[in-house]
Number of protein chains: 2
Amino acid sequence: MAEQRSGREDPHPAEARGEGPTLNDVARVARVSRQTVSNVLNAPDKVRTETTRRVQQAIQQLGYRPHRLARNLKTRSSRMIGYEIARSRPGVINPVLDRFVHALVEAARDDGYHVLLFTPDEAGQIAAYDELVGTRTVDGFVLSEVNYADPRAIALQARGVPFVTFGRPDVPVAHTWIDVDGGAGVEAAVHHLAAQGHQRIAFIGWPEGSATGDRRAEGFGRALAELGLDHDAALDVRVEDGADDGAHALIHLLHGAEPPTAVVCVSDTIAVGVLRAATTRGLAVGSELAVAGFDDTPVAPLLTPQLTSVRQPLEAVAQRIVNHLTDILAGGAGKPDGELLAPQLIVRASTHPY
Amino acid sequence: MAEQRSGREDPHPAEARGEGPTLNDVARVARVSRQTVSNVLNAPDKVRTETTRRVQQAIQQLGYRPHRLARNLKTRSSRMIGYEIARSRPGVINPVLDRFVHALVEAARDDGYHVLLFTPDEAGQIAAYDELVGTRTVDGFVLSEVNYADPRAIALQARGVPFVTFGRPDVPVAHTWIDVDGGAGVEAAVHHLAAQGHQRIAFIGWPEGSATGDRRAEGFGRALAELGLDHDAALDVRVEDGADDGAHALIHLLHGAEPPTAVVCVSDTIAVGVLRAATTRGLAVGSELAVAGFDDTPVAPLLTPQLTSVRQPLEAVAQRIVNHLTDILAGGAGKPDGELLAPQLIVRASTHPY
DNA sequence: ATGAAAGCGCTAACAC
DNA sequence: GTGTTAGCGCTTTCAT
């Protein structure tokens, strides 16, 4: 027998649909209206304690969970953060993925967001970002490995899409960023080596043009100046990011008129090559030649000797990035802002003379 | 002046809302109904060419993109695949994250899905899966590193949630899985070593109880049997997954009555330790002691000497997993099914006598 | 404090 | 082929 009109009763109770229970089901069981249930969930102080209790119980009993899509459609937000996962390059130890992404996911979760991974297709990198924004699949982005004039940052900026970068722009602050002071990391390594008595300290960096690499290189120059050491151009070399490149660089350095007794590398990958070349040449790493790397990748403690390396506080970076981004998404924007975090030198046997 | 009533005209054109254009806007511009626009997008053959053209042009002109949330709410699917990202353990090289996750994202994208990353909170691992399913945030899951009687697989199975695993269950097929034949990988390594003339070949595996580890160990026994070699219990040891553990294991092996001339390791992490211990003892790896690892992690080619290792076809695994999962999600289920892929031995200097 | 009504943007039935 | 009519499950005015 049909109801006396009036749609009071939900014509499609959950059980009948083979789906989970809805707000309606909860409301019916708790004998309140839908909105009251919604209020219990989203504005608890608007509801009387007794009512709240009854609703909570109904929720419990039915195993109700709000339908995220429905909520998001109404709210006009996906509560999703996009992160582009880079293709892994063979022969290069990805310094970021493992720790950083996990930290990102954890931080996002604590702020009520999820992380959506994506990777560009033939349509191109920017198109991938546009697609995600256009379909409102994500609310904002986290960019890592940003470089000077990063095309992604420029595009997102132009479109007014919220994002925070891991890495800072060169222009005066235009968007919010978090970065690790790579220069300070190299500085710390050089000071550490000088404290061990080293006078001829070399730096093997990346070719000019990468923001990250250039700033680390600057730290090298700064440290030498602070220590009153000569900045010998012959001891400041640039190679691609590969172990073989590092090995060749070391051999080249050793062939110089006044070879270095210590080497700071811009990456662990390069340091691996340096270690190998040194060992091959019969140099005792640690005592005869000190070597430091950068990023403290998982292999650093596994090498022989264990590699001294500059560790980035990736967990803190991820945490701050998510905090800033969720702030922006919550509308509590404030001006774009930057934050520079300090890295930490992890000293191991490769820079110990004993 | 107000419209003559009748809601024919959308009272909220896109420009007025500061949001992107909607189906309505496109329909208005193309002078067709909403439904026709929807058909152009979802059932092109239902629409006349001429109409299609006009609609396409309107879409173009407005820069329209379907609102994913709205579509998903209607279709009752999120087109999202959940993947639990494991916390990175220090000192262990994660063999999976980098290549596998990227491949997963790429494969999912090609099938019209996105990958959502998550990690459990205090509520517990299974609770995290339940939450995602309950809120209908994801349509299904990919599980990696599954073990015997994996609690996640059991829980999802019980709830009827679609999922595919990387790794196979021990019980007769209950769900769809893809796996790499680890035993065959170890077998290949042993055969390769035997071909080099080695007779005393050792295996350093993980403690019993891990599906992956046990199967790799079985491959060792199988290979010895095939080669007619003795399965000397003293040459078949089990340690935790760490470089130090590998180093200790090798030292222990070398102290035996009849030490091995070759060692196959269940992981690259262990192999790193073996390499280190061998070098420390003055053993020439390659000629005096051959060493093989497993997983061909990014460090394998960076070690000295370069490490022979068994490489898993992670890209193919991801591809197959996503294909199966999207099939299931599309309703074209079929019976649960398994697929075993062959790994490939990458031979490098650590097992070469010259 | 609670309830009724409206509608987010889309697709699925069903008419025409 | 195309348009009309209903919602998907939720939140948000606005009454009460």
Side-chain angles (χ1 to χ4, degrees), chain A residues 5-14 16-28 30-55 59 62 64-79 134-137, chain B residues 6-8 10-14 16-28 30-55 59 62 64-79 134-137:
Chain A
R5 162 78 198 95
S6 84
R8 289 280 129 50
E9 292 298 315
D10 182 349
H12 300 291
R17 286 194 326 276
E19 278 269 354
T22 77
L23 254 197
N24 265 327
D25 300 323
V26 176
R28 193 156 28 74
R31 316 199 127 269
V32 295
S33 77
R34 263 159 56 189
Q35 305 62 309
T36 302
V37 179
S38 175
N39 282 339
V40 169
L41 264 37
N42 304 311
D45 39 305
K46 281 192 172 179
V47 184
R48 213 171 18 188
T49 329
E50 154 61 11
T51 316
T52 302
R53 216 191 40 69
R54 222 167 62 235
V55 171
I59 288 178
L62 264 52
Y64 167 78
R65 282 202 162 88
H67 193 304
R68 206 166 185 272
L69 267 46
R71 166 179 287 179
N72 291 345
L73 175 58
K74 187 67 195 178
T75 314
R76 298 159 151 286
S77 84
S78 65
R79 298 202 75 84
T135 58
R136 264 132 299 184
T137 301
Chain B
S6 85
R8 289 280 129 51
D10 182 348
H12 301 290
R17 287 195 325 277
E19 276 270 355
T22 75
L23 252 195
N24 265 329
D25 301 323
V26 176
R28 192 154 29 73
R31 318 198 126 270
V32 295
S33 77
R34 264 160 54 190
Q35 187 49 36
T36 302
V37 179
S38 174
N39 282 341
V40 169
L41 264 38
N42 303 312
D45 39 303
K46 280 192 171 179
V47 184
R48 210 170 20 188
T49 329
E50 154 60 11
T51 316
T52 301
R53 217 191 40 68
R54 222 169 61 236
V55 170
I59 289 178
L62 265 50
Y64 167 78
R65 281 205 164 86
H67 194 305
R68 207 167 184 273
L69 266 47
R71 168 179 286 177
N72 290 346
L73 175 59
K74 188 66 194 177
T75 55
R76 297 157 153 286
S77 84
S78 65
R79 298 202 74 86
T135 59
R136 264 132 297 186
T137 301

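The sequence lines fix the lettering, A, B, ..., with proteins before strands; numbering per chain opens at 1. Scope of the values below: all heavy atoms of this structure, side chains included, with no hydrogens, waters or symmetry mates.
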> Is the shortest heavy-atom distance from the side chain of B/V47 to the side chain of B/V55 under 4.5 Å?
Replying inline: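 No, too far: nothing below the 4.5 Å cut-off.
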> Can you find a heavy atom in the side chain of A/V37 that is under 4.5 Å from one in the side chain of A/N24?
Replying inline: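 When only atoms from C-beta onward are counted, A/N24 and A/V37 do not touch, as no gap falls below 4.5 Å.
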> What pattern of brackets, bars and dots sums up DNA chain D from 5' to 3', given Watson-Crick or G-U wobble pairs under 3.5 Å, [ ] for crossing pairs and | for another strand?
Replying inline: ||||||||||||||||
Please give me the minimum heavy-atom distance between [X] and [Y], naming the atom from each residue.
X: B/L69; Y: A/L73; value: CD2-N, 3.9 Å
X: B/P21; Y: B/D25; value: CA-OD2, 3.2 Å
X: B/T22; Y: B/Y64; value: C-CE1, 3.5 Å
X: B/S77; Y: B/N72; value: O-CB, 2.9 Å
X: A/R136; Y: B/R65; value: NH2-O, 3.7 Å

Whole-Å gap separating [atom2] ([N]) and [atom1] ([X]):
X: B/R79; N: C/dT11; atom1: CZ; atom2: P; answer: 12 Å
X: A/L73; N: C/dT11; atom1: CG; atom2: P; answer: 12 Å
X: B/N72; N: D/dG9; atom1: CG; atom2: P; answer: 14 Å
X: A/L23; N: C/dA4; atom1: CG; atom2: P; answer: 15 Å
X: B/R53; N: D/dG1; atom1: CZ; atom2: P; answer: 18 Å
X: B/L69; N: C/dT11; atom1: CG; atom2: P; answer: 12 Å
X: A/N24; N: D/dT11; atom1: CG; atom2: C1'; answer: 13 Å

> Do B/N39 and B/Q35 have a side chain donor and acceptor closer than 3.5 Å?
Replying inline: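 Present: a donor and an acceptor within the cut-off.
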>> Could you tell me if A/T52 and A/T49 have a donor-acceptor pair between their side chains, going purely by distance under 3.5 Å?
In response: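 Side-chain D/A pair, A/T49 to A/T52: absent.
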> Where each residue is assigned the nucleotide of DNA chain C containing its nearest heavy atom, which of B/K46 and B/R71 is assigned the position nearer the 5′ end?
Replying inline: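 Closer to the 5' end of DNA chain C: B/R71.
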Nearest to the [X] side chain among [options], which nucleotide is it?
X: A/Q35; options: D/dT12, D/dG1, C/dG9; answer: D/dT12
X: A/A70; options: D/dG9, C/dG9, C/dT2; answer: D/dG9
X: A/T75; options: C/dG9, D/dT11, C/dG3; answer: D/dT11

>> At a heavy-atom distance below 4.0 Å, what parts of residues 36-43 of chain B sit against DNA chain C?
In response: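 Under 4.0 Å from DNA chain C: B/S38, B/N42.
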>> Can you say whether a donor on the side chain of B/K74 sits under 3.5 Å from an acceptor on the base of D/dG7, or the other way round?
In response: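 Indeed, a donor on one side and an acceptor on the other fall under 3.5 Å apart.
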> Taking only side-chain nitrogens and oxygens of A/S33, does any of them come within less than 4.0 Å of OP1 or OP2 of C/dG3?
Replying inline: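 Answer is yes, contact under 4.0 Å.
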>> For a quick test of reading the model: is some side-chain N or O of A/R76 closer than 4.0 Å to OP1 or OP2 of C/dG9?
In response: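 Answer is yes, contact under 4.0 Å.
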